[in-house]
Amino acid sequence: MQALHVRAVARCLLRPGFLRKPAGGLRRSSLGSRRQLLLLSTPIFYVNGPPHIGHLYSAVLADALHRHRELLGFQGGRLSTGTDEHGLKIQTAAATAGICPEEFCDRVSAEFRDRFAQAEISYTHFIRTTEVLHRQSVECFWAALQDGGWLYQADYEGWYCTAEESFLAASQVTECADSQGRKQMVSIESGHQVHWTREKNYMFKLSKFQEPLQRWLYENKDAISPEPYYQQVLQWLKGDLPDLSVSRDRNRLHWGIPVPGDSTQTIYVWVDALVNYLTVVGYPEKHRAWWPNVCHVVGKDILKFHAIYWPALLMAAGLEPPFRIWVHSHWTVEGQKMSKSLGNVVDPKECFRHYTVDGFRYFLLRQGVPERDCDYYDDKVIKLLNSELADTLGGLLNRCTASALNPRGIYPIFSPACFPRDVEIQNGSSKALAEDYKLVSLVESLPMKARASFDRFQIYKALESITECVRQTNGFVQRHQPWKLNPEDPADRQWQGTILHVAHECLRVYGLLLQPVVPAVADKLLSRLGVSPTERSLKDLDFLPRYHGRKCPFEGRKLGPDTGLLFPRLRKIRSQPIRIE
Ligand code: MSP
């Protein structure tokens, strides 16, 4: 395997102008239109603590993007997630728990897996860095770096931050006092304590990649988004880019993958962790079908690792940088940074219990804006879900499918005479108003708008547009008050059917578009409308075909059974039970 890999790497590196190769047309294409197999990834999560809502946010974002692509017909893509199990942090956490690291990792990794299953994260791969296959892939990757001449040994000393698993430059640390007034050195960025550390390490020639990285970014303006993060990386690249220490003394860190051929050193946990993205696509033998069609969803705190170290390591190993890095900001809790010491870490399990899984997914994706930190507090979740899912969307479905209005329980019949295609046509039976035509064109453009938002990693904007349309549809129903029409009168009956048909069609579009975000709620809505699982693709979404003179396959069809409220109204939480103890 190793020989095969080295040959492959050599081929890549020997390709003339490998690092200068301009991005191909595909690289510039949007995620949605990229027909090739695409790997979407979440970061792999440290197992030194249980899953919290920040972790869940990374996972739900990636999941919604993956589901959206599948619904657009891009089948066969992968969604990877998993756990990052090596390193000093984990070694120490296991020692504190009084169990061996293997058992400790098994336990916490299972918690992540369970939580993600509960959250309906539709991952295709759950990777653990302690798996044999991953270890082999890391060893191959290391060999590629070494064979390429990108590694050397050096005596290294500097400030080491265990929490960040990194050496920091003097400019990145500062002195401050701890809670007992004792002086200590801390990382300026994270506030975590650092220690002066001296050891023999393998170094990676990161400094050689300053220019190739800049070129990659200039040629791929969408490689990192949102834009402020792209600018931030460019800014970093203007400063010093020292070589990177990529191994640790095994006496200090034994919980990790040994450097091949040197049992005194352990591979740096970040190199080990980043290679997970290659492991899930079958590196070193099968990754070519995928690479570089990968899109990494990451939090802003790990941007440097993904946007500088990872692309440089990949180039050194003869591979291209990832297609996209999508960065999200952080959740604070009632205005404060979430941290164990403040005791305000929010437990997803409790959130699911209080708000339902779909409710909490909706909250995270609707309120989470990748460009800026977002604040979590219980009342905010309750207000949002009651207003948008229970009242506005649930209320609309309830009103339109009520048996008093639709005693036969069928998908209502549209009358082109009541709602003629041309707004200018005035005939005796035409009832639609100018605002109604506005609604139709708004909903008609919604799928494209939502798709554009997903493609730009702005899921919150897609949800904002959907909610606006749901509100307008409620306004439409309210304006025409179909419950006041007389079903015995043929003209009234036609108009009533038309109002309800339009509302059903709108609801069908909302249900289809909401599937990646709230799969269970969307399923309930679509099932109630009688839309079968084979009719839920976004690829050929045809809104209101009768209005355009086409046949509507749903019209006259029996509706699905009434299974109760679409989304329950939530009550205020009195105590504060949703923190991790
Ligand atoms: N193990 C590394 C990632 C290696 S990927 C090759 C790691 N793990 S982590 O568990 O600390 O964080 C995983 C993800 O959770 C990151 O994307 C991080 O940004 C995210 N979050 C952690 N806390 C968060 C918030 N408070 N809010 C939102 N996301 C945050 O880093």
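Counting convention: from 1, in listed order, for ligands and their atoms alike. Since we're looking at a predicted model, the values are computed, not measured.
- Among pairs with a residue in residues 47-65, those fulfilling salt bridge (Lys or Arg N to Asp or Glu O under 4.0 Å) read D63-R67, D63-R361, at least two apart in sequence or across chains.
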Legend entry - Derivation and outcome, side chain to side chain donor-acceptor pair (under 3.5 Å), residues R250 and T266: CA-CA 5 Å; R250 201 147 180 88; T266 300; 2.6 Å; yes

Give every pair formed by an N or O atom of ligand 1 and a protein N or O atom closer than 3.5 Å, one pair per line with both atom names and the distance to 0.1 Å, or write none.
| residue | atom | partner | partner atom | Å |
| --- | --- | --- | --- | --- |
| ligand 1 | 1 (N) | I44 | O | 2.8 |
| ligand 1 | 1 (N) | D84 | OD2 | 2.7 |
| ligand 1 | 10 (O) | Y46 | N | 3.2 |
| ligand 1 | 10 (O) | H55 | NE2 | 3.3 |
| ligand 1 | 17 (O) | S58 | OG | 3.2 |
| ligand 1 | 17 (O) | G299 | N | 2.9 |
| ligand 1 | 19 (O) | D301 | OD1 | 2.5 |
| ligand 1 | 19 (O) | H330 | NE2 | 3.2 |
| ligand 1 | 26 (N) | W331 | O | 3.2 |
| ligand 1 | 27 (N) | W331 | N | 2.8 |
| ligand 1 | 29 (N) | G54 | O | 3.3 |

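- For Y229, there are no ring pair (Phe, Tyr, Trp, His ring centres under 6.0 Å) partners at least two apart in sequence or on another chain.
- In terms of modelled atom types and a separation under 3.5 Å, the side chain of K461 and the main chain of R456 share no donor-acceptor contact.
- Applying the side chain to side chain contact (heavy atoms under 4.5 Å, CB included) rule to E102 yields the partners C100, W255; only residues at least two apart in sequence or on another chain are considered.
- Under a cutoff of 6.0 Å and an axis angle of 45°, R113 and F126 form a cation-pi pair.
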